[in-house]
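Naming convention: chains lettered A, B, ... in sequence-line order (proteins, then strands); numbering from 1 in each chain.
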Amino acid sequence: MAKRGFNGVIMRSYGARDHEATVTGVEQIAPHFVRVRMTSPTLLKDVVVSPTAYLRFWFPGVDDPEVEHQRAYTLAEVDEQSGAFAVDVVLHEPAGPASAWCQRAEPGMTVAVTTLGSSRFDLPEDLPTGYLLIGDSASLPAIDAILRVIPAEVPIEVYLEEHDEHDRSIPLHAHPRARVHWVPRRGEASLAAAIEARDWSNWYAWAAPESGSLKHLRTRLRDEFGFPKSEIHAQAYWYYGRPFGNKRPKDLVDETELAAAASAGDEPATTAGIPGGQPDSAESTAAATAAAADTAARTGTRAPAAPPRGTWRAQAGGRLLAPLRSTLVIAGIAQAIVTLVQLAPFVLMVELSRALLSGAGTAQLWAIGIWAVALMGAGVLLSAALLLWLHAVDARFARDLRRRMLSKLARLPLGWFDARGSGQVKQLVQDDTLSLHYLVTHAVPDAVAAVVAPVAVLVYLFAVDWRIALVLLLPVLVYIVAMAIMVVQSGPRTGQAMRWAERMNVEAGAYLEGQPVIRVFGGPAASTFRARLGEYIAFLNDWQRPLSGQKAFIDLVTRPATFLLLICAMGTLLVTTGGMDPIALLPFLLLGTTFGARLLGIGYGLSGLRTGLLAARRIQVVLDEPELEVEAGASSADDALGSTETLAQNAAGRVESDRVRRVEPDRVGRVEFDGVGFSYRPGVPVLEGIDLVLEPGTVTAIVGPSGSGKSTLASLLARFHDVDSGAIRIDGVDLRSLPADQLYRRVGFVFQQTQLVHGTVRDNIALAVPNASDAQVEQAARAAQIHDRITRLPAGYDTVLGSDAVLSGGEQQRLTIARALLADTPVLVLDEATAFADPESEYLVQQALNRLTSGRTVLVIAHRLHTITGVDRVVVLDHGRVAEVGTHEELLHRDGRYRRLWDAGRATASTAAAPAAPVDASEAAR
Amino acid sequence: MIRTILGLLPTGSRRTVVAHLILTVIGLMLRAAGAVLIVPLVAALFEGDAGVAWRWLGALAAVTAVGWVVDIAASRRAFDLGFGLLDTGQRTVADRVSRISLRWFGAEHTATTRQAVAATGPDLVGVIVYLVTPMLAAVLLPIAIALALLPISWQLGLAALAGVPLLLGALWASGRFGRGADRVAAEANTELTERIVEFARTQQALRAARRVEPARSHAGAALAAQHGATMRLLLLQIPGQVIFGVASQLALILLAGTVVLLALGGELTVPQSIALIVLVVRYLECFTVLAELSPGIETTTGALRRIREVLEAPVDAAGAEHLATAGAPRIELRDIRFGYEPPHEGSGDAGRPVLDDFSLELEPGTTTAIVGPSGSGKSTVLALLAGLHRPEVGSIFFDGVDVSRLDAESRRAQVSAVFQQPYLFDGSIRENLLVGDPDASADAVRGAAELARVDSLVRRLPDGWDTRVGEAGGTLSGGERQRVSIARALLKPAPVLLVDEATSALDTENEAAVAAALTSDPVPRTRVIVAHRLSSIRAADRVVFMEDGGIVEDGTIDGLLAAGGRFADFWRQQDAASGWRIGERSVS
């Protein structure tokens, strides 16, 4: 085996396994940049493939091939099935071990590879506003991989340090919103200085440049721009050499020992006196001047406008908890006192022994006993008081928080709820507030206790006798090393275990769902699940079995009996030979045996804080969401619409007045989209330049392939979101200037997702008109074809929905139609339903819709073309723009986009019986 | 709990269990011996007798070292048992799931079962090592120490023995109070948050109805009222948090006090009494260790509880009679009652039965369409015929044989079915078809595929017959899945074919596939279809119209249409619905 120095020893002790990789091809990608393709039958089983994952290669030394040097390279291509992969290597002169090897590389050559410890890049669920990627040719493969996974709509700024004139010729994945800046290196500070001074709020920084540059970069990102630590991934991918050093892409400096070892063993001889020296010296002078220019440039950019420090969602939790900060500090101090008081009896036991030894009288012994009881009582009282106080504080805090949440929810755009779904809202309101409760009442005291107790014990024991105290750290050290080895050995398995858990959850769900099929068809139908279960069990076995010995070992090392033996051995030695007072042994025998367990409990005690802080962050992020604003000019809107102020009154005769108002001229309901543009994420327009007028009393259908923006357009009219540009007006009044109450007096909507409130059938129908008479409610229910069904419910109109009776989907839909009929808005937004439990239900919903759409300005999202052949106007949307407008007949004759949609629908639909011809893109494409 | 564990262990584990128990007990005795050895050692140190001290230290070292060896051996067996539990436990649960009465699977039970199948594995491995062994140690070690104390000082030994149940009781009470308080707090919290969740959930409706402000102030007021109640519950939090701490500190003071009294009375020497104080602390340590284990114990017992729940779920009993499949049978459902809520749960107040006193006879080889509004019980009839549910009252006869008396295999062989949700498993299309009949000939497969229009699908796919359908058939569209499931059902050589037609809008090919399954299938069968579309109904010899769990009309299509009853309405509505257009003012 070749010599690998200290580096190799460390790696082996971590259980790194060597795999042999065989070169299958080398491709020159740029003059100094090659892609080496290799294959290894076993290697990829050990790798968790993710963007930026890297492998560690052992390349033979240039001078002494017997000495191997470790270099890490990012996976550029990977095929887990076949075991084939590729890495990109920057070649440079003078060549180091990697360069030299890769220059010679040809199919058939082999190299040793290990997979130990790799980084991974994961997209979080909640994407940052943008990604700031920083690196150079060495980290380019990783950046390329990141660019491939970031969704197209997320903006990216890429800063690359240029070390070689050919650097720019290395291809980089083209991301639609990525901007690449090449920064020629003029010194360590030049890259950091080149980063644009701007507001980087909620961006995520991924930086993997040269080590010196990284140092400056960190300062700039953190101190000047305000990036929180959690939003920066910083890792040096190599570092600049000594005085006449040349560029040496080295192993990653993530584990300092490894890096140090590598640098010690790496080509020191090749640096001097070889051609590389010249450009280097040139560069060093250049660097000197650049450094001066740098400082000038940096002060220059900063002087006129200091870079604005951004704010990050990651910091939101702190803001939420700010009012509690002093409370928590006091609670922490109180808990520290409680912890110390709880340790006091042990100290008293030592004093008791001392008193016994010195032959003290009963009075003194009694005094100690009284002290013990008093301290115990004080401890109990104090901890109980602390607990009560924290719970009271928490209850008040939670109440205020819930109030704020209610107000916030009432003002968020409806689209916010649409985008999240009930599960996520529930998680926020239910689970996150619970985590907060735990954080305030338990996590903080637990964490304090977990830290204070071992520290106090340690200090006390060191004060008594530092030699024995030192011995106590021995098992702790063994524990830490053993754990570290175990973590490394588990390596990819930990991640795989999580994926297995997710996968089994899905599989188990499918297995349960598939039970009817499995029961009718028997064994073969269940065989895949069984096989998967077997694989999972085998995985757990392969992973955990080898570790069970280590787990038992760790348990032995940290158990009290081990500490007891160590204390006794050291104590006996010191007492018998060193003349130590045996009384000094007592504190150790009393407190020292559980010291290990206490120390190891710190991590556990602190873990409770994390979930709580994450929850706080999520809640604050919601509280920070922009609300729907009512623009000034609301009163002028009132003027424009006449006697609207009376509408705000909750008068008893409202329904009557509504009926009367229906014939008033101000209720015409003319809708106007004026140059409307909208996007969910900046720079990715969903709708652009929509100009559309819905004449009063007409039905307009929006059609288009899925993703064309038809649902978004409809939701804008119901003000689920505010438009980014242009305006939507109803009878000349901008939606945004209408208070919610006035807006929804004019616009109603019936979507596929029906929402029933908790209450009776009657409450639900009369939601908008609480004072409606029974006759009016019934009339609406009859019109919506739901009256008959309601009379069959256990308590008719007084049936409580949910607890007493469950309505089918179609019935719920008819109920909401009845609600909309009673609310009687002049403008209606409608999503035509496609899924029904049975044809009768479909028929009844259709009849109900007939009543609802009559006499109103209707905008309908159409999913089936044949249902809209009779509407007044069809609007065809395509990629967020209006492609065609006209009646069905006109559009058919025009032979354009609509015609194609129609023909595609015809192709899959049966002409007579099948009611369906979905026109979503996937179907239409066929 | 112990019984659940023993029940799950693989057969032949008895020896390992016994060995593990013996080793654990020996290990504990060694640990207790080590603890007690401190007494002479400390005494010797205080008396300044170096030689004696070194001798006792040697003994302590020897006992500790042997203890390590024994414990390693015990822990290896504990892991062996854990992996055994993992293997059989998971498989047992998975097997059991396929026999549990389907109506047991409510939302809650389904979630529990899902977790029991998918998420208990890692916990099972640790059950013995992290639950059983530490619990044993926590109970036995203090007892062993107390027993070892008896010869040194019988008074102290007795006090220590008495302390074991008291301290364990305190620990148990602490946990109980704590959990109780947590539950009350969680309930209060749930109540509070549910209002907000409800408020958030219904924002669309509330805003459209301009009821946001009233609802908000309403919810706000309720929150304030409940806040008061929560404050009053706070005192509940105290006992759980302090009981155990108080008890162990009190025990420390009392036991140490006893030692001091004995020393003062001259029954113990001073060095002895000091050593005994140390021993008292060691004795109390066991309980603290157990208290700190409790969070881990909770998760493990949670996993075991879920498994037990699945294992104790009601199972559909099968008979023992064997019945060979013959030609298309005459089917009779006689006086059936069935509801989805089992009658024994909820104190006899069972949910309304879906079917009550329901009877239906189907002639051999006929095709019957069951039609009716949703919730009328038509799919339930199909599920009963398929054997997915057992009638609570009444029987089902195939050619006069009561099917509840058949063994599981014979019962299964009688029926083939197409379900609304056509669950496919992750494999190739061919494999999915062969589930219907693993021994089917290539001709039979081709024939079934042709009837179900799977052949055209296969031709379109790049890998043809070997195309993988993905998890739960995810790579195919809904209609394609449906067709594969029809072919699968046709391939199964069962004399009864049941079809639950999909309600979602499907294409013409699917419609043709269903029609072919009913009319062109060469296997002689008695067929029943829950039909939604006119084309499927047309393929039937007879139509049964169901409403509210009963048959309201029964006859041929023409007969029922002529009668102008519910079915005629249904037919007309169906027609009207397919031709409906938005915004038309027509009244049909």
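- Using modelled atom types and a 3.5 Å distance limit, the side chains of B:Glu285 and A:Thr593 yield a donor-acceptor pair.
- Looking at A:Val506, the atoms closer than 4.5 Å to chain B (heavy atoms on both sides) sit in the backbone and in the side chain alike.
- Only the side chain of B:Phe199 has a heavy atom closer than 4.5 Å to any heavy atom of chain A.
- Heavy atoms closer than 4.5 Å to chain B are found in the side chain of A:Phe751, but not in its backbone.
- When each of A:Lys551, A:Lys426, A:Arg532, A:Gln515 is scored by its heavy-atom pairs under 4.5 Å with chain B, the top score falls to A:Gln515.
- Closest approach of A:Val425 to B:Ala200, counting heavy atoms only: CG1-CB, 3.4 Å.
- When heavy atoms are compared at a cutoff of 4.5 Å, A:Phe521 approaches chain B by way of both its backbone and its side chain.
- The neighbour count for A:Trp500 CH2, taken as heavy atoms of other residues, nucleotides or ligands under 6.0 Å away, is above 12.
- In this structure, the side chains of A:Ser353 and B:Ile277 come closer than 4.5 Å at one or more pairs of heavy atoms.
- With a 4.5 angstrom heavy-atom cutoff, A:Leu365 touches chain B only via side-chain atoms.
- Of all heavy-atom pairs between A:Arg411 and B:Arg207, the closest is N-NH2, 3.7 Å.
- For A:Leu756, the part sitting under 4.5 Å from any heavy atom of chain B is the backbone (N, CA, C, O) and nothing else.
- Heavy-atom distances place both the backbone and the side chain of A:Ser548 under 4.5 Å from chain B.
- Both the backbone and the side chain of B:Val97 come within less than 4.5 Å of a heavy atom of chain A.
- Per-residue heavy-atom pair counts under 4.5 Å with chain A were compared for B:Gly34, B:Ala61, B:Gly82, and the maximum is reached by B:Ala61.
- By number of non-hydrogen pairs under 4.5 angstrom with chain A, the leading residue of B:Val125, B:Val259, B:Val260 is B:Val260.
- Neither the backbone nor the side chain of A:Val858 comes within contact range of chain B; no heavy atom of the residue lies under 4.5 Å from a heavy atom of that chain.
- Side-chain contact between A:Arg819 and A:Asn764: present, with at least one pair of heavy atoms (C-beta onward) separated by less than 4.5 Å.
- With a 4.5 Å cut-off on non-hydrogen atoms, B:Ser75 touches chain A through its side chain but not through its backbone.
- Annotation: maximal heavy-atom pairing with chain A below 4.5 Å, among B:Val212, B:Ile274, B:Val281, occurs at B:Ile274.
- Side-chain N/O atoms of A:Thr572 and B:Trp54 include no donor and acceptor closer than 3.5 Å.
- One distance of note links CG of A:Leu409 with CG of A:Leu406; it measures 6.5 Å at 0.5 Å rounding.
- For a residue to count as touching a neighbouring chain, one of its non-hydrogen atoms must lie under 4.5 Å from one of that chain's; by this rule A:Leu743 does not touch chain B.
- Without hydrogens or angle criteria, B:Ser485 side chain to B:Pro422 main chain gives no donor-acceptor distance under 3.5 Å.
- In this structure, the portions of A:Gln342 lying under 4.5 Å from any heavy atom of chain B include both its backbone and its side chain.
- For B:Ala215, no part lies under 4.5 angstrom from a heavy atom of chain A.
- For chain B, the nearby parts of A:Arg545 are the backbone and the side chain; heavy atoms of each come within less than 4.5 Å.
- A:Glu513 CD: 12 or fewer foreign heavy atoms inside a 6.0 Å radius.
- Atom CG of A:Leu565 sits about 12.5 Å away from atom CZ of A:Arg559, to the nearest 0.5 Å.
- Counting heavy atoms from C-beta outward, A:Arg530 and A:Tyr511 have side chains that approach closer than 4.5 Å.
- Residue B:Ser98 touches chain A through both its backbone and its side chain, counting heavy-atom pairs closer than 4.5 Å.
- Counting heavy-atom pairs closer than 4.5 Å to chain A, the top-ranked of the candidates B:Leu37, B:Val117, B:Ile196, B:Val129 is B:Ile196.
- Contact count versus chain A (heavy atoms, under 4.5 Å) is highest, among B:Asp87, B:Leu102, B:Asp80, for B:Leu102.
- Looking at B:Ile38, only its side chain comes within 4.5 Å of chain A, counting heavy atoms on both sides.
- Within the 4.5 angstrom heavy-atom criterion, atoms from both the backbone and the side chain of B:Gln204 approach chain A.
- Ring orientation note: the planes of A:Tyr744 and A:Phe749 are nearly perpendicular, at an angle over 60° on the 30°/60° scale.
- Heavy-atom pairs under 4.5 Å with chain B peak, among A:Val520, A:Leu512, A:Thr576, A:Ile583, at A:Val520.
- Interface remark: B:Arg76 contributes no atoms to any contact with chain A (heavy atom separation under 4.5 Å).
- Among A:Ala569, A:Ala372, A:Pro345, A:Ser383, the residue making the largest number of heavy-atom pairs under 4.5 Å with chain B is A:Ala569.
- Counting heavy-atom pairs closer than 4.5 Å to chain B, the top residue among A:Ala740, A:Pro516, A:Ala501, A:Ala552 is A:Pro516.
- Note on A:Ala561, A:Ser407, A:Ala410, A:Ala508: by heavy-atom pairs under 4.5 Å with chain B, the leading option is A:Ala410.
- For the atom pair NE2 of A:His391 and CZ of A:Arg396, the computed distance is 13.5 Å after rounding to the nearest 0.5 Å.
- For A:Leu533, the part lying under 4.5 angstrom from a heavy atom of chain B is the side chain only.
- Annotation: maximal heavy-atom pairing with chain A below 4.5 Å, among B:Ala256, B:Ala94, B:Ala386, occurs at B:Ala94.
- Counting non-hydrogen atoms of other residues, nucleotides and ligands closer than 6.0 Å to CZ of B:Arg91 gives a total above 12.
- Atoms CZ and CG, from B:Arg211 and A:Asp741 in turn, are 10.0 Å apart once rounded to the nearest 0.5 Å.
- Only the side chain of A:Leu352 comes within contact range of chain B, judged by heavy atoms closer than 4.5 Å.
- For the set A:Phe417, A:Phe529, A:Phe346, the count of heavy-atom pairs under 4.5 angstrom toward chain B peaks at A:Phe417.
- B:Leu41 touches chain A through its side chain: at least one heavy atom from C-beta onward sits under 4.5 Å away, while N, CA, C and O do not.
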Practice prompt. Evaluate the salt bridge (Lys or Arg N to Asp or Glu O under 4.0 Å) criterion for residues B:Arg195 and B:Glu198: first the C-alpha distance (whole Å), next the side-chain angles of each, then the deciding distance (0.1 Å), finally the verdict.
Written response: CA-CA 5 Å; B:Arg195 295 208 75 113; B:Glu198 169 83 9; over 6 Å; no

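- Considering only heavy atoms from C-beta on, A:Met349 comes within 4.5 Å of B:Leu252 through its side chain.
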Worksheet item: B:Trp68 and A:Thr562: side-chain contact (heavy atoms from CB on, under 4.5 Å), yes or no, with the steps?
Response: CA-CA 9 Å; B:Trp68 282 338; A:Thr562 308; 3.4 Å; yes

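- Both the backbone and the side chain of B:Pro122 come within contact range of chain A, judged by heavy atoms closer than 4.5 Å.
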